[in-house]
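Let me begin by presenting the structure, written as structure tokens, before commenting on it.
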Amino acid sequence: MIDLKYLRDHPEVVRLSMRKRKHSGDEVDAVLSLDEEWRRLFTRQNNLRSEQKKRSEEIATRKRNKEDVTAEIVEMKELAQQVRELEVTLKEKEEALQGLLAKLPNLLHSSVPEGSDDSANLCLRSWGEIPSFSFTPLPHWELASRLKLFDLERGSKVAGSGFILYTGWGAKLERALINWMLDFHGRKHGYQEVFPPFVVNRETAFGTGKLPDFEGQMYTFTNADLFLNPTAEVPVTALFAGETLKAEELPLSYVAYTACFRREAGAAGKDTRGLLRVHQFDKVELVKFTRPEQSFAELETLVRDAEEIIQALELPYQVVELCGGDIGFGAAKAYDINVWAPGAGKWLEVSSCSNCTDFQARRLNTRFRNPESGKLEFVHTLNGSGVALPRTVAALLENHQQADGSVRLPPVLVPYMGVERITSA
RNA sequence: GGAUGGGUGGCCGAGUGGUUUAAGGCGCCGCACUUGAAAUGCGGUGGGCUAAAAGGCCCCGCGGGUUCAAAUCCUGCCCCAUCCGCCA
């Protein structure tokens, strides 16, 4: 949520940010005019209530003195009716205002590049060599089929297309990657491990900015007002909703594994081969709570922490900075990590790291007391994949495939897998 | 899922319709006394909205309702504890 007071005082700044996201900016004016109307009604109601309170106290005093107050009470009924009516109008305006405000995306950081889609994203750095092969590299779905790593038909049979049944070494690789990533971020980067629920309630989905606009992306239940979480970002970021964190313990860093569920409505047929786009996938997520002045520096270390995973897996990648038109709803600034997949012949997004500044914290009401000012302030929240598994598995299989049809495992995974390569045997 | 008892400020806890602007205590902060500390005394000590300010309004788990007036009465929901049932 954007700070309404900030929007009031700096409408032009907000408008420019909206335009950078390729919105019209008209939403800002709609908010401003509703806000003005709301404040007018609020002041009126405030004054009426004040009068109501004073006169009620008078009635109380006179009643104690055994005076007759019938006439006053008749007058007060009229006043109470006015207050009630105004209250209803006020509530309608307030809900409309909050509704508009809740749909405004976060303010972009000034460093975010201009552009309307991913073609305008800025490549910041790359790592690793694009591998060359003495043979034609196979796409991961071919490799998986030969090595029996997953079974798309049976996954589809029990749940539907886009739900993967991992088998044999494929199943073990999935588990190994999850365990290794959790251990790696915990030991090497000091993230605290949590294992959150895979479902979240409405407040949590709203607080992290997934509602009201992205309800269609989440799986829901017909017998409970819950959502299957689309990413561990959602439950973990909401961990301290309504709480005040201690300034001295910030930044707080968490690492969490969850399965992630996305309907991917309307995405059918686009990059859907094999593991490229699925409805359920595993992901290890990094989440940070920081003081405002730390958050952009923490975003840099967050993305580096995610990069180290890809480096340890010996996969070539690039880090891109998202442009205004491509950046997520809650983010002020974001980086993606794209890994090269030589079999599929494309870059695969395996991580997205965002600084959501105070946007989620304001919705969730997660604050800290600033020791310098003595005031309560919203924390900044950050999240990043560290990393998402299916496309990482795809890239790993494709990059490390050998002429003999086996797949070499990077050394970090050997202790978790118990073998140095995956073979069909 | 059922039954019972609970949910009041940082914490404990009083309060069953109107001097409650939420008693009292603990904790914390400041000051005084003291060589220092303890003890003691005095004062202060939540959040939000609105307003240029003074001020005003809202918040006793959350939402509705009754009333001139609600922490207090009614109602729906949530959470905690205990017991029962079911269950990995």
Side-chain angles (χ1 to χ4, degrees), chain A residues 1-11 31-102 195-207 211 221-227 235 238-249 259 358-379:
Chain A
M1 199 91 91
I2 293 180
D3 184 7
L4 179 58
K5 273 183 239 163
Y6 184 85
L7 186 145
R8 236 179 245 155
D9 296 340
H10 308 91
V31 169
L32 282 175
S33 73
L34 243 183
D35 174 51
E36 204 170 316
E37 196 176 355
W38 176 82
R39 278 186 293 161
R40 192 170 48 78
L41 290 171
F42 178 83
T43 309
R44 186 132 55 95
Q45 195 229 27
N46 205 337
N47 293 339
L48 280 182
R49 259 220 260 262
S50 178
E51 190 189 338
Q52 191 184 31
K53 262 177 84 167
K54 275 199 206 88
R55 298 191 58 185
S56 279
E57 278 163 33
E58 279 169 33
I59 290 175
T61 313
R62 297 185 58 180
K63 258 193 136 168
R64 262 191 305 279
N65 297 338
K66 303 274 189 274
E67 294 177 40
D68 179 45
V69 290
T70 348
E72 282 81 354
I73 286 180
V74 170
E75 283 177 40
M76 287 297 284
K77 276 189 185 187
E78 171 64 24
L79 183 59
Q81 184 56 29
Q82 279 184 45
V83 171
R84 259 195 298 274
E85 280 167 15
L86 202 50
E87 216 164 45
V88 171
T89 326
L90 198 60
K91 195 163 203 169
E92 283 168 10
K93 297 290 174 200
E94 185 160 5
E95 275 168 15
L97 181 60
Q98 288 302 316
L100 287 183
L101 212 51
F195 199 135
F198 286 11
V199 300
V200 294
N201 58 28
R202 189 165 283 278
E203 293 73 42
T204 297
F206 176 84
L211 292 179
F221 297 79
T222 53
N223 60 355
D225 196 23
L226 294 171
F227 303 85
L239 239 37
F240 304 111
E243 297 189 40
T244 302
L245 300 175
K246 292 192 174 70
E248 63 270 21
E249 65 191 17
D358 61 358
F359 187 81
Q360 294 176 318
R362 180 171 290 105
R363 286 171 168 239
L364 291 163
N365 196 23
T366 302
R367 298 178 295 177
F368 76 103
R369 191 172 297 279
N370 186 329
E372 282 82 51
S373 66
K375 295 264 201 280
L376 288 170
E377 294 178 23
F378 293 110
V379 299

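Below, chains carry the letters A, B, ... as their sequence lines are ordered, and counting in each starts from 1. All heavy atoms count here, side chains included; hydrogens, waters and symmetry mates do not.
With sequence neighbours excluded, the residues that form a side chain to side chain contact (heavy atoms under 4.5 Å, CB included) with Ala259(A) are Phe198(A), Tyr257(A), Phe261(A), Gln280(A), Asp282(A). Residues passing the side-chain hydrogen bond (donor to acceptor under 3.5 Å, both in side chains) test with Glu37(A) are Lys93(A), sequence neighbours excluded. Residues satisfying the side-chain hydrogen bond (donor to acceptor under 3.5 Å, both in side chains) test with Glu75(A), not counting sequence neighbours, are Arg55(A). Residues passing the salt bridge (Lys or Arg N to Asp or Glu O under 4.0 Å) test with Arg202(A), sequence neighbours excluded: Glu215(A), Asp225(A). Residues meeting the side-chain hydrogen bond (donor to acceptor under 3.5 Å, both in side chains) test with Gln45(A), sequence neighbours left out: Arg49(A). For Arg62(A), the side-chain hydrogen bond (donor to acceptor under 3.5 Å, both in side chains) partners two or more places apart in sequence, or in a different chain, are Glu67(A), Glu72(A). Remark: Glu85(A) pairs with no residue by the salt bridge (Lys or Arg N to Asp or Glu O under 4.0 Å) rule, at least two apart or across chains. Asn370(A) is linked by a side chain to side chain contact (heavy atoms under 4.5 Å, CB included) to Arg291(A), Phe368(A), Glu372(A), Ser373(A), Glu377(A), counting only residues two or more places apart in sequence or in another chain. Evaluation of the side chain to side chain contact (heavy atoms under 4.5 Å, CB included) rule for Leu376(A) yields Thr244(A), Arg367(A), Arg369(A) as partners, not counting sequence neighbours.
Comparing the same atom, C1', in C26(B) and in G76(B) gives a spacing of 37 Å after rounding to whole Å. Nucleotides G63(B) and C79(B) place their P atoms 16 Å apart, quoted to the nearest Å. Look at the P atom in both U4(B) and C59(B): the space between them is 30 Å, to the nearest Å. To the nearest whole angstrom, the two C1' atoms, one in G5(B) and one in G10(B), are 26 Å apart. Between U75(B) and A81(B), the distance separating the two C1' atoms is 24 Å to the nearest Å. Distance check on atom P: A37(B) versus G55(B) gives 37 Å, rounded to whole Å. Comparing G17(B) with A70(B), their C1' atoms are spaced 7 Å from each other, to the whole Å. Between the C1' atoms of G47(B) and C42(B), the separation comes to 28 Å (whole Å).
Using a 4.0 Å heavy-atom cutoff across all strands shown, Arg44(A) reaches no nucleic acid atom at all. Among the atoms of the strands shown, none is found under 4.0 Å from any heavy atom of Glu75(A). In this structure, Arg62(A) reaches neither bases nor backbone, as no heavy-atom distance under 4.0 Å exists between it and the strands shown.
Put simply, CG on Asp9(A) is 13 Å from C1' on A52(B), counting in whole angstrom units. Rounded to a whole Å, the CG atom of Leu4(A) is 15 Å from the P atom of G48(B). When the P atom of U67(B) is taken as reference, atom CE of Met76(A) falls 14 Å away, rounded to whole Å. To the nearest angstrom, P of G63(B) lies 12 Å from CD of Glu203(A). Going from atom CD of Glu72(A) over to atom C1' of U67(B) covers 17 Å, rounded to whole Å. Separating the CG atom of Asp225(A) from the C1' atom of C78(B) is a distance of 13 Å, rounded to the nearest angstrom. Taking atom CG of Leu376(A) as the reference point, atom P of G9(B) lies 16 Å away to the nearest angstrom. Residue Asn365(A) contributes atom CG, which lies 9 Å from atom C1' of G48(B) at whole-angstrom precision.
Toward the 5' end of RNA chain B, the nearer of the two residues Thr43(A) and Arg369(A), judged by each one's closest nucleotide, is Arg369(A). Of the two residues near RNA chain B, Gln52(A) and Asp35(A), the one whose nearest nucleotide lies more 5' is Asp35(A).
Using a 4.5 Å cut-off on side-chain heavy atoms (C-beta onward), Phe227(A) and Leu211(A) make contact.
Around CZ of Arg8(A), the count of heavy atoms belonging to other residues, nucleotides or ligands within 6.0 Å exceeds 12.
Here the straight-line distance linking atom CZ of Phe42(A) with atom OG1 of Thr89(A) works out to 14.5 Å at 0.5 Å rounding.
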Each base of RNA chain B marked ( ) or [ ] if paired in-strand (Watson-Crick or G-U under 3.5 Å), | if paired to another strand and . if unpaired gives ((((((((.[[[..)..(.....]]]((((((.......))))))(((((....))))).[[[[[..)....]]]]])))))))....
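Judged purely by atom type and a 3.5 angstrom limit, Thr43(A) uses its side chain to pair as donor or acceptor with the backbone of Arg39(A).
Counting only heavy atoms from C-beta on, Arg367(A) has its side chain closest to G48(B) among C49(B), G48(B), C68(B). Listed candidates were G48(B), C68(B), U50(B). Nearest to the side chain of Ala80(A) is C68(B).
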Are there any protein N/O atoms within less than 3.5 Å of an N/O atom in nucleotides 17-20 of chain B, and if so, which ones and at what distance?
unit_1, atom_1, unit_2, atom_2, d
G18(B), O2', Arg64(A), NH1, 2.7
G18(B), O6, Lys63(A), NZ, 2.9
G18(B), N2, Ser56(A), O, 3.3

For nucleotides 54-57 of chain B, give me every protein contact, N/O to N/O, under 3.5 Å, one pair per line with atom names.
unit_1, atom_1, unit_2, atom_2, d
G56(B), O3', Ser50(A), OG, 3.2
G56(B), O2', Asn46(A), OD1, 2.9
G56(B), N2, Asn46(A), ND2, 3.0
G56(B), N3, Asn46(A), ND2, 3.3
C57(B), O4', Asn46(A), OD1, 2.3

